Chemist: 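Right, I'll just put the structure down here and ask away after.
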Amino acid sequence: MSPPRPSRPRVVVVGAGRLGGALALALAAKRWPVRVLARSEESRRRVLELGLKPASERDVAQARVCLLCVPDKAVPGVAEELKPRLARGAALVHCAGALSLEALGAPRGRVLGSFHPLVAVSDPRDSLAGNSVALSTRSRWLREVLERMAKDVGLRALRVPEKQRAAYHAGAVLSAGGVVAALSAAVEAFRAAGISEEDALAALLPLTRSALRGVEARGLTAGYTGPIARGDAGVVTAHLAALPPEVADVYRPLSRRGLRLVGQRLTPEARSALEALLAPNNR
């Protein structure tokens, strides 16, 4: 009978970028035996600057879990490159949100998984705690290891079905990059009012945070505010007249989405007036 595997098995993180560095630092802080496999001299310098330990070939061979923190397009190639270097029972795990387990190639007896933190990491020293992570694996052992990893790092684990991976990732993109894109349209609207980008961001970022706090406290529908929530077609008309065309093209679909959230609590007249104003062909 083989001995039980350790609760915090040896981990090799492949990639010393923002996510790889953040994961390795978070795991090391919780006393996971973690090494970082740097794929260039520049990456190796980053590993040392972060106070992490570079992985040797022996570390790779002894790893029980190998986390691929590389660009999505690189996952299949890096996975194939590493398979002969890993021990037979080692798990290969990618950290790409949009990719299924198929990106890691045929299992051929190897345990496969994915571990995608829902965090906008802009620096390796960013904390991951307080966010969520999407997990996927067919292995009970690896699921337990990844869930332990998530718990130690402070991430809430979500299980994502493989067939719905693209929908999950699209939602994640909308909640991060989509919010930034919407904020850029808001900054452009302020610019049309003669306000600089610096002053616009200083005013709008706290407003965005307050809106998110409202959603966190009361949910999407109750947290949605503004003229759409009030059924004020007059204000919306003024907005559309004042906005540059490309910003109005952002305002309309977002407002239609907002109307879907709160439409049932408006009068039929107010709802119809807003629907007509926000129709895609009403420009």
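Being a predicted model, the structure only gives us computed values, none of them experimental.
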Chemist: Considering non-hydrogen atoms only, spot the tightest contact between G105 and E80 and give its length.
Modeler: CA-OE2, 4.0 Å
Chemist: Please report the interatomic distance OG(S100) to NE2(H169), rounded to the nearest 0.5 Å.
Modeler: 12.5 Å
Chemist: Considering only heavy atoms from C-beta outward, does the side chain of Y224 approach that of L259 to under 4.5 Å?
Modeler: no
Chemist: Is a donor on one side and an acceptor on the other found under 3.5 Å between the side chain of T137 and the backbone of L112?
Modeler: yes
Chemist: Mind checking whether C66 and L82 have side chains closer than 4.5 Å, heavy atoms only?
Modeler: yes
Chemist: Please check this pair: side chain of D126 against backbone of S122, looking for a donor-acceptor N/O pair closer than 3.5 Å.
Modeler: yes
Chemist: Side chain to side chain contact (heavy atoms under 4.5 Å, CB included) for V153 and L27? Distances and angles first, verdict last.
Modeler: CA-CA 6 Å; V153 171; L27 291 171; 3.7 Å; yes
Chemist: State, to 0.1 Å, how close A134 and V160 come at their nearest heavy-atom pair, and which atoms those are.
Modeler: CB-CG2, 3.5 Å
Chemist: Please report the shortest heavy-atom distance between A157 and L135, naming the atom on each side.
Modeler: CB-CD1, 3.7 Å
Chemist: Can you give me the closest heavy-atom contact between L52 and A28, atom names plus distance?
Modeler: CD2-CB, 4.4 Å
Chemist: Taking C-beta and beyond as the side chain, do C69 and V14 meet within less than 4.5 Å on heavy atoms?
Modeler: no
Chemist: What heavy-atom pair brings F115 and L146 nearest, and what distance separates the two atoms?
Modeler: CE1-O, 3.6 Å
Chemist: Under 4.5 Å between side-chain heavy atoms, hopping through other hydrophobics if needed: is there a path connecting V13 to L86?
Modeler: no
Chemist: Counting only heavy atoms not in E162, do more than 12 sit closer than 6.0 Å to its CD atom?
Modeler: yes
Chemist: Does a donor on one side chain sit under 3.5 Å from an acceptor on the other, for S255 and R252?
Modeler: no
Chemist: Shared ILVMFWY cluster between L261 and V179, side chains joined below 4.5 angstrom?
Modeler: no
Chemist: Compare all side-chain heavy atoms of R35 with those of V60 and state whether any distance is below 4.5 angstrom.
Modeler: no
Chemist: Heavy-atom distance under 4.5 Å between the side chains of V133 and L118, does that happen here?
Modeler: no
Chemist: Within the supplied structure, the quantity of interest is the number of heavy atoms (other residues, nucleotides, ligands) at a distance under 6.0 Å from R257 CZ; does it exceed 12?
Modeler: no
Chemist: Show your reasoning for whether side chain to side chain contact (heavy atoms under 4.5 Å, CB included) applies to R138 and L101.
Modeler: CA-CA 10 Å; R138 298 182 182 93; L101 298 183; 3.7 Å; yes
Chemist: Quick one: pull up NZ in K151 and NZ in K30 and give me the separation to the nearest 0.5 Å.
Modeler: 11.0 Å
Chemist: Sub-3.5 Å donor-acceptor pair from the side chain of R143 to the main-chain atoms of R159, do we have one?
Modeler: no
Chemist: Quick check: is L205 connected to V187 through a chain of hydrophobic side chains (ILVMFWY, heavy atoms under 4.5 Å apart)?
Modeler: yes
Chemist: Is the backbone of L104 close enough, under 3.5 Å, to the side chain of K83 for a donor and an acceptor to pair up by distance?
Modeler: yes
Chemist: For the CD atom on E198, are there more than 12 heavy atoms of other groups (residues, nucleotides or ligands in this structure) within a distance under 6.0 Å?
Modeler: no
Chemist: Hey, is CZ on R85 packed in by over 12 heavy atoms from elsewhere, all under 6.0 Å?
Modeler: yes
Chemist: Do Y251 and V236 have side chains that get closer than 4.5 Å, going by heavy atoms?
Modeler: yes
Chemist: I'd like to know if the side chain of D199 reaches the main chain of S196, judged simply by a donor and an acceptor atom lying under 3.5 Å from each other, with no hydrogens or angles considered.
Modeler: no
Chemist: Decide yes or no for R156 and L158: does some side-chain heavy atom of the first lie under 4.5 Å from some side-chain heavy atom of the second?
Modeler: yes
Chemist: Measure the OG-CG distance between S272 and L266 for me, rounded to the nearest 0.5 Å.
Modeler: 10.0 Å
Chemist: Between M149 and L67, does a side chain to side chain contact (heavy atoms under 4.5 Å, CB included) hold up when you go through it step by step?
Modeler: CA-CA 12 Å; M149 186 182 294; L67 292 174; 4.0 Å; yes
Chemist: Should the heavy atoms of other residues, nucleotides or ligands under 6.0 Å from CZ of R18 be counted, would the total exceed 12?
Modeler: no
Chemist: Would you say the side chain of W32 lies within less than 4.5 Å of the side chain of L23, judging by non-hydrogen atoms?
Modeler: no
Chemist: Quick one: do D59 and K53 make a salt bridge, cutoff under 4.0 Å?
Modeler: no
Chemist: Can the ring centres of H94 and H116 be said to be less than 6.0 Å apart?
Modeler: no
Chemist: Please report the shortest heavy-atom distance between A87 and R64, naming the atom on each side.
Modeler: CB-NH1, 3.9 Å
Chemist: Using the rule that Ile, Leu, Val, Met, Phe, Trp and Tyr join whenever any side-chain heavy atoms are under 4.5 Å apart, tell me whether V11 and V78 fall into a single cluster.
Modeler: no
Chemist: Are the charged groups of E49 and R46 less than 4.0 angstrom apart, N to O?
Modeler: no
Chemist: Distance only, no hydrogens: is a donor on one side chain within 3.5 Å (strictly under) of an acceptor on the other, for S114 and R165?
Modeler: yes
Chemist: Rounded to the nearest 0.5 Å, how far apart are CG of L207 and OG1 of T225?
Modeler: 7.5 Å
Chemist: Please answer whether the main-chain N or O of A172 pairs with a side-chain N or O of S175 as donor and acceptor at a distance below 3.5 Å.
Modeler: yes
Chemist: Can you hop from V250 to L243 via hydrophobic side chains spaced under 4.5 Å?
Modeler: no
Chemist: Return the CD to CG distance between E197 and L204, rounded to the nearest 0.5 Å.
Modeler: 10.5 Å
Chemist: Less than 4.0 Å between a side-chain N and a carboxylate O, is that true for E144 and R140?
Modeler: yes
Chemist: Surrounding CZ of R256 (heavy atoms of other residues, nucleotides or ligands, distance under 6.0 Å), is the total greater than 12?
Modeler: yes
Chemist: Let's go through V34 and V12 carefully: what are the C-alpha distance in whole Å and the side-chain angles of both, what is the deciding distance for side chain to side chain contact (heavy atoms under 4.5 Å, CB included) to 0.1 Å, and is it a yes or a no?
Modeler: CA-CA 6 Å; V34 60; V12 164; over 6 Å; no
